[in-house]
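Both backbone and side-chain heavy atoms feed into the values below; hydrogens, waters and symmetry mates do not. Quick note on labels: first sequence line is chain A, next is B, and so on, each numbered from 1.
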Amino acid sequence: MNRDRGNREFALLRWGLVPFWAKDAKLAFSTINARAEEAATKPAFREALKKRRCLVPAAAFYEWQRLDAKPKKSFAIALISGEPYAFAGLWESWRPKDGEPLETFTILTTEPNELMAPIHNRMPVILEPKDYDHWLDARDQARPPVDLLRPHPADRMRAWSVSDRVGNVRNNDPQLLEPTP
DNA sequence: CCAGACGTTGTT
DNA sequence: GTCTGG
DNA sequence: CCAGACGTTGTT
DNA sequence: GTCTGG
């Protein structure tokens with residue numbers, strides 16, 4: 001299902017990074033995100049950070065706000081422009097004992113910007129389109145462009161309340177994005 | 001030296 | 001595969 | 001991250 | 001309340 005568009009390759013990978021050295025795929029449940037500040041030193045991420053960076057397209061993401069043990073509030077977050085965007089990601093190809101290679105990815109996280117801070121203590125890294133090429137550039141493996149892994153400008157993002165239906169994995173429909181009072 | 005970990009807070 | 005802890 | 005399980009074979 | 005599974 002891979003196709004070429006210009007010099008970029010598009011593919012559908014499974015969310016939850018499984019390092020090439022893994023004995024099984026269990027680690028994927030805890031590698032859905034990678035902390036940008038530490039990925040360079042983490043065994044599970046450092047090789048991918050050097051050699052297997054990618055862009056993860058999205059239109060919005062969800063977060064849950066927890067106010068001291070009170071019920072969680074669900075939020076959706078997107079760009080004010082309404083445009084889709086790209087998370088900074090890493091990918092891997094893992095070969096099980098028997099079977100087809102499993103290709104997986106993770107999304108890098110960083111500290112929250114002013115918009116996200118009241119909602120959550122982390123946020124995914126959203127890259128600027130002008131930085132896509134720099135992020136994907138594989139020429140200098142010794143120095144991956146970690147300087148790009150910073151919070152996206154808050155004044156270009158918006159957050160709105162959504163139904164708590166989003167908290168149940170059985171629910172997955174466009175109505176989850178509709179604002180609630 | 002071997003055994004055990006390797007990771008983070010989400011929507012397939 | 002590589003590092004840490006014991 | 002959330003959802004779902006959580007346990008054993010008895011009569012206060 | 002806390003752990004496991006997804």
Side-chain angles (χ1 to χ4, degrees), chain A residues 1-2 10-78 84-97 99-113 116-126 141-142 144 146 149 151-152 157 159-178 180:
Chain A
M1 284 280 273
N2 295 0
F10 289 72
L12 286 173
L13 310 191
R14 178 180 297 188
W15 194 8
L17 187 140
V18 180
F20 64 92
W21 44 257
K23 293 185 187 67
D24 56 52
K26 289 198 186 80
L27 204 57
F29 293 115
S30 50
T31 52
I32 51 181
N33 292 107
R35 296 177 65 89
E37 304 91 327
E38 300 167 62
T41 60
K42 296 285 187 180
F45 301 130
R46 58 193 174 193
E47 288 304 306
L49 182 64
K50 284 192 272 193
K51 302 184 221 170
R52 289 178 292 277
R53 297 186 295 277
C54 65
L55 304 174
V56 181
F61 65 96
Y62 300 109
E63 286 290 2
W64 288 266
Q65 180 185 49
R66 347 186 54 121
L67 298 172
D68 21 73
K70 298 295 168 265
K72 294 174 293 293
K73 271 201 74 177
S74 306
F75 286 89
I77 300 95
Y85 54 86
F87 294 125
L90 307 175
W91 67 276
E92 280 277 2
S93 184
W94 174 70
R95 184 172 285 280
K97 272 284 190 297
E100 293 302 300
L102 177 66
E103 297 194 312
T104 59
F105 74 96
T106 188
I107 292 168
L108 289 146
T109 63
T110 186
E111 59 189 6
N113 61 23
M116 292 300 300
I119 300 174
H120 201 63
N121 64 334
R122 303 290 294 172
M123 68 178 284
V125 175
I126 296 174
Q141 296 191 354
V146 290
L149 304 177
H152 197 75
M157 299 170 61
W160 65 96
S161 299
V162 294
S163 164
D164 290 328
R165 282 199 316 122
V166 72
N168 188 326
V169 295
R170 286 189 301 263
N171 300 324
N172 187 15
D173 52 74
Q175 287 70 43
L176 293 181
L177 282 167
E178 289 177 0
T180 55

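- Comparing the P positions of B/dT12 and D/dA3 gives an interatomic distance of 16 Å, to the nearest angstrom.
- For B/dC6, neither phosphate oxygen OP1 nor OP2 lies less than 4.0 angstrom from any side-chain nitrogen or oxygen of A/Lys42.
- Enclosure of atom CZ in A/Arg165 by more than 12 non-hydrogen atoms of other residues, nucleotides or ligands within 6.0 angstrom is indicated.
- Rounded to whole Å, atom P of D/dC2 lies 15 Å from atom NZ of A/Lys73.
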query: Can you list the steps and then say if A/Ile107 with A/Leu90 is a side chain to side chain contact (heavy atoms under 4.5 Å, CB included)?
result: CA-CA 7 Å; A/Ile107 292 168; A/Leu90 307 175; over 6 Å; no
query: Going through the checks in order, is the side chain to side chain contact (heavy atoms under 4.5 Å, CB included) test met by A/Val18 and A/Leu27?
result: CA-CA 6 Å; A/Val18 180; A/Leu27 204 57; 5.7 Å; no
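- As a whole-Å value, the separation of A/Lys50 NZ from C/dT2 P is 10 Å.
- Among the protein residues, A/Arg14 comes within range of no part of the nucleic acid, since none of its heavy atoms lies under 4.0 Å from any strand.
- Side-chain contact, A/Arg122 with A/Thr109: a donor N or O sits under 3.5 Å from an acceptor N or O.
- E/dG6 and B/dG7 have their C1' atoms separated by 16 Å, given to the nearest Å.
- Ring-plane geometry between A/Phe61 and A/Tyr85 is classed as perpendicular, the angle between the planes exceeding 60 degrees on a 0 to 90 degree scale with a lower cut at 30.
- Rounded to a whole Å, the CZ atom of A/Phe105 is 19 Å from the P atom of B/dG7.
- A straight line from CH2 of A/Trp21 to P of C/dG1 spans 11 Å, rounded to a whole angstrom.
- Look at CG on A/Leu17: it is 14 Å from C1' on C/dG1, rounded to the nearest Å.
- In this structure, CE of A/Met123 is placed 17 Å from C1' of B/dT8, rounded to the nearest angstrom.
- Atom-to-atom, CZ of A/Phe45 to C1' of B/dA5 comes out at 14 Å; the value is rounded to the nearest Å.
- For A/Phe20, the side-chain atoms get nearest to C/dG1 when compared with the rest of C/dG1, B/dG7, B/dT8.
- Atom P of E/dT4 sits at a distance of 14 Å from the matching atom of B/dC6, rounded to the whole Å.
- Using a 4.0 Å heavy-atom criterion, one finds that A/Thr109 contacts the sugar-phosphate atoms exclusively.
- If you take atom P in B/dT8 and the same atom in E/dT2, they sit 23 Å apart, rounded to whole Å.
- Under the Watson-Crick or G-U wobble criterion, with both distances below 3.5 Å, E/dC3 is paired with D/dG4.
- Side-chain atoms of A/Phe29 lie closest to E/dG6 of the nucleotides B/dT8, E/dG6, B/dG7.
- Backbone-only contact: A/Arg46 has heavy atoms under 4.0 Å from sugar-phosphate atoms and none from a base.
- For A/Asn33 and D/dC2, the CG to P distance is 13 Å, given to the nearest whole Å.
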